[in-house]
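First up is the structure itself, then whatever we jot down about it.
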Amino acid sequence: MIRHSIPNLFTVGNLFLGIISIMLVFHERPDLAAILVIVAMLLDGLDGRIARALKVQSEFGKELDSLSDVVSFGVAPALIVYWTAFQHLSHQPLVWMLTAVFPACGALRLARFNAQGNVAGSFVGLPIPAAGGILATLALFGQQIKSPAFLMGCMLALSFLMVSTVRYPSFKMVRLSRRAWRWVPFALAGAVVLAVRFPGQLSRFLFVPLVLYALWGIKQNVDALAYYVFRRRRREVEDGVNREA
């Protein structure tokens with residue numbers, strides 16, 4: 001019984017951090033709220049691996065993980081960006097709708113994943129933890145980013161990528177050895193300390209690979225589209241040559 005509960009404890013920890021992150025936004029601490037989103041990403045990356053390592057995967061854990069992700073990587077990052085960049089803008093109803101688009105698209109992305117699962121070891125659409133992590137780290141750069149329009153554009157682009165059919169690689173099947181699992185609590189504790197003590201450095205360290213991951217999926221699909229167009233064009237040329245012959 002305890003063995004089955006261990007992965008769910010990590011998932012509930014993810015949800016707990018997401019809820020606290022939302023509370024911190026209302027207490028005018030969006031910087032600390034963004035850090036909790038980053039820590040929640042670490043917990044989210046561990047719960048599934050622990051479940052597979054212990055061979056205790058379940059539909060309950062899958063649904064709980066999705067509900068937690070909507071809060072931690074959908075609602076929390078959207079509110080963080082709203083508080084840091086959008087709340088003083090005019091046309092508030094429009095800003096509210098734009099802010100709500102992000103968690104709504106994240107929920108649609110998770111619902112599709114629960115219904116369809118992975119496709120040949122890849123994700124269809126940008127995973128919501130990556131999208132939420134990018135948005136949260138952008139909020140940490142709020143003092144450097146003076147343009148609310150830029151943040152709106154980023155939010156809408158990430159929302160579109162989540163519900164798109166762009167393929168992204170899945171690292172869920174990457175397994176850790178039993179010896180490596182012994183160091184997971186220490187690595188997690190160290191990551192939490194780094195997140196609290198050096199939020200700016202950690203956010204920059206995570207921001208770059210997350211953005212590259214989002215852009216990599218787009219590049220792969222552009223390459224596939226270019227290959228398809230080239231192959232179709234080549235086939236048309238070959239058919240024309242055959243007719244002339």
Side-chain angles (χ1 to χ4, degrees), residues 11 14-15 17-18 21-22 25 33-34 36-38 40-45 47-48 62-82 84-86 94-141 145 148-172 203 206-225:
T11 306
N14 167 18
L15 176 61
L17 292 177
S21 176
I22 294 171
V25 172
L36 291 187
V37 171
I38 294 172
M41 288 178 61
L42 301 176
L43 295 179
D44 181 68
D47 57 3
K62 182 179 178 181
E63 298 297 331
L64 178 62
D65 183 69
S66 294
L67 292 172
S68 301
D69 287 354
V70 170
V71 175
S72 298
F73 311 120
V75 178
L79 288 178
I80 291 169
V81 173
Y82 173 80
T84 56
F86 299 161
L94 177 60
V95 175
W96 295 340
M97 287 189 290
L98 288 175
T99 304
V101 164
F102 184 82
C105 288
L108 291 172
R109 162 71 179 76
L110 290 166
R112 182 176 63 185
F113 172 76
N114 287 346
Q116 299 178 357
N118 287 359
V119 180
S122 63
F123 292 119
V124 179
L126 180 64
I128 187 174
I134 293 172
L135 209 57
T137 50
L138 277 174
L140 288 175
F141 301 138
I145 301 174
F150 174 77
L151 290 173
M152 284 184 184
C154 291
M155 181 180 286
L156 291 175
L158 292 170
S159 300
F160 169 76
L161 288 175
M162 283 192 291
V163 297
S164 71
T165 56
V166 175
R167 296 288 183 90
Y168 286 90
S170 171
F171 303 108
K172 285 195 169 187
S203 62
L206 292 175
F207 180 72
V208 174
L210 287 173
V211 171
L212 290 177
Y213 180 73
L215 295 176
W216 188 88
I218 298 175
K219 179 183 180 300
Q220 291 295 104
N221 282 264
V222 170
D223 291 344
L225 178 62

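No hydrogens, no waters, no symmetry mates; every other heavy atom, side chains included, goes into these values.
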Exercise: identify the closest heavy-atom pair between [X] and [Y]:
{"X": "L138", "Y": "C154", "result": "CD1-CB, 3.9 Å"}
{"X": "A130", "Y": "L126", "result": "CB-CD1, 4.0 Å"}
{"X": "T165", "Y": "V124", "result": "CA-CG1, 3.7 Å"}
{"X": "L98", "Y": "M152", "result": "CD1-SD, 3.8 Å"}
{"X": "D44", "Y": "P129", "result": "OD2-CG, 3.3 Å"}
{"X": "N114", "Y": "K62", "result": "O-NZ, 3.2 Å"}

Side-chain touch [X]/[Y], heavy atoms, less than 4.5 angstrom:
{"X": "V101", "Y": "C105", "value": "yes"}
{"X": "L43", "Y": "T11", "value": "no"}
{"X": "L15", "Y": "L67", "value": "no"}
{"X": "F123", "Y": "M162", "value": "no"}

How many angstroms lie between atom [atom1] of [X] and atom [atom2] of [Y], to the nearest 0.5 angstrom?
{"X": "L17", "Y": "I38", "atom1": "CG", "atom2": "CD1", "answer": "11.5 Å"}
{"X": "L79", "Y": "F102", "atom1": "CG", "atom2": "CZ", "answer": "11.0 Å"}
{"X": "F86", "Y": "I80", "atom1": "CZ", "atom2": "CD1", "answer": "12.5 Å"}
{"X": "T99", "Y": "M155", "atom1": "OG1", "atom2": "CE", "answer": "5.0 Å"}
{"X": "L161", "Y": "L156", "atom1": "CG", "atom2": "CG", "answer": "11.0 Å"}
{"X": "L110", "Y": "F73", "atom1": "CG", "atom2": "CZ", "answer": "10.0 Å"}

Donor-acceptor under 3.5 Å (R112 side chain, V163 main chain):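 A pair under 3.5 Å: yes.
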Does one side chain, of S72 or N14, offer a donor that lies under 3.5 Å from an acceptor on the other?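 Side-chain D/A pair, S72 to N14: present.
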Verify side-chain contact (heavy atoms from CB on, under 4.5 Å) between V75 and I22, making sure each step is shown before the conclusion. CA-CA 8 Å; V75 178; I22 294 171; 3.7 Å; yes
